[in-house]
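This report concerns only the one structure given below.
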Amino acid sequence: MKLSFLPLLTVALLFTLGSFGQQYANFSLDNDLYFETDRYYSSGIFVSFGKLKPGDQIEDYPKKYTHWTLGHEIYTPKNRYTHDIQILDYPYGGWLFLERSFEWYKSALSAWGVSLKAGMTGKASLAPYLQNLYHDKVLGLRDVAWERALPQRFHLNFNMMMRKRLPLGKRLALLYAFFGNFGTQRIATGGRLGVLWGTSQALAFFGNPLETQNKGYGFYMGTRQAYRFHDYMISGSLFDNDAPFVLTSIPYKNSLELGFAYHTEKWRFLTLWNSISRDNKLQLSPRHYYLNISVGRFF
């Protein structure tokens with residue numbers, strides 16, 4: 001777990017915002033510390049706010065949502081204290097971004113969206129400072145080396161997605177999605193496929209919290225498949241060779257997912273276990289595990 005101002009900001013907003021209609025605030029944390037590891041995609045912290053388009057009704061279709069997300073990600077090698085780059089199996093990297101997204105819902109079973117993500121890698125991401133501050137002040141550990149980290153760059157990414165729900169019974173549904181990313185930080189395409197069992201009527205297990213503003217629960221099992229044509233967090237820039245340490249990325253990625261969600265008329269609680277394949281051939285561990293925990297509130 002990595003220290004950040006984002007959780008404190010979210011908690012404050014969750015309890016201080018008033019009633020402004022169909023809006024939400026959500027805090028989401030990815031972390032591998034629950035499995036006593038601290039490597040590769042080590043931490044992701046995301047604070048999101050969104051609302052239904054003024055004039056639209058939550059019960060009616062079509063409808064439009066708008067979202068803002070402030071996110072922070074940290075990537076580190078397995079041997080995070082060494083200064084010997086000969087034994088590093090992953091580049092150090094931090095990614096701080098702001099994302100603006102729009103979603104259009106044709107029905108309760110179909111939606112598509114677009115987003116624009118802008119942010120910074122390198123020192124401007126604050127990743128070395130925040131990680132070592134947490135290691136020092138909370139865990140009592142020495143500083144992570146951050147040897148030859150990915151350089152400071154401004155990145156812009158355009159993203160698209162489509163989500164579908166196929167009911168298979170009263171409490172069973174097939175959820176699937178397709179997505180694409182195009183930009184300087186990542187170029188990729190892929191999809192998600194899974195089954196959701198329970199009373200939840202969510203269009204996607206991991207998505208817009210405003211989809212499910214009623215009491216319900218759901219157990220999810222699925223997979224995420226992707227092909228990354230470019231990944232700055234592994235291979236550096238497409239336009240220069242300024243990164244002091246990079247590796248050759250494995251383009252094909254796969255992830256296994258198990259999750260549980262519970263929501264009421266005002267709150268949503270969600271957890272998702274992830275098992276992801278190697279990002280590069282030098283990684284010492286064949287798969288990496290991390291857990292997502294998300295809490296959202298509606299207003």
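The first residue in the sequence is number 1, and the count goes up from there.
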Within the 6.0 Å centroid threshold, strictly below: Tyr227 and Tyr252: no
Within-4.5 Å side-chain heavy-atom neighbours: Lys53 and Lys63: no
Do Tyr40 and Asp89 pair up side chain to side chain, a donor and an acceptor below 3.5 Å, judged on atom types alone? yes
Could you tell me whether the side chain of His83 and the main chain of Ala145 form a donor-acceptor pair under 3.5 Å? no
Kindly say whether Asn26 contributes a backbone atom to a donor-acceptor pair with the side chain of Ser48 at under 3.5 angstrom? no
Heavy-atom distance under 4.5 Å between the side chains of His288 and Asp279, does that happen here? no
Does any donor atom in the side chain of Ser285 or Arg39 lie under 3.5 Å from an acceptor atom in the other side chain? yes
Looking at Arg224, Arg287, Arg278, which one forms a side-chain hydrogen bond (donor to acceptor under 3.5 Å, both in side chains) with Asn254? Arg287
Would you say the side chain of Leu150 lies within less than 4.5 Å of the side chain of Tyr75, judging by non-hydrogen atoms? no
Could you tell me if Arg171 and Tyr217 have a donor-acceptor pair between their side chains, going purely by distance under 3.5 Å? yes
Do His67 and Ser101 have side-chain atoms, one donor and one acceptor, less than 3.5 Å apart? no
Rounded to the nearest 0.5 angstrom, the OG-CG distance for Ser42 and Asn31 is 6.0 Å
Donor-acceptor pair, Asn132 side chain versus Val144 backbone, under 3.5 Å? yes
Regarding Arg153 and the six-membered ring of Tyr232, is the cationic atom NZ or CZ under 6.0 Å from the ring centre and inside 45° of its axis? no
Is the shortest heavy-atom distance from the side chain of Arg163 to the side chain of Ser110 under 4.5 Å? no
Examine distances only and state if a side-chain atom of Ser235 and a backbone atom of Thr248 form a donor-acceptor pair shorter than 3.5 Å. no
Determine yes or no for a side-chain-to-main-chain donor-acceptor pair under 3.5 angstrom, with Ser200 supplying the side chain and Gly216 the backbone. no
Qualifying residues under side chain to side chain contact (heavy atoms under 4.5 Å, CB included), relative to Leu109, sequence neighbours excluded: Ser107, Arg165, Pro167
Within-4.5 Å side-chain heavy-atom neighbours: Trp197 and Met221: no
Residues at least two apart in sequence or cross-chain that pass side chain to side chain contact (heavy atoms under 4.5 Å, CB included) with Phe178, listed by chain then number, are Met162, Tyr176
Given side chains that start at C-beta, do those of Asn79 and Leu284 come closer than 4.5 Å, heavy atoms only? yes
Tell me yes or no: between the side chains of Gln22 and Tyr65, is some donor less than 3.5 Å from an acceptor? no
Could you check if a side-chain atom of Met233 sits within less than 4.5 angstrom of a side-chain atom of Arg228, using non-hydrogen atoms only? no
Could you verify whether a donor N or O on one side chain and an acceptor N or O on the other, from Ser28 and Asn292, lie under 3.5 Å apart? yes
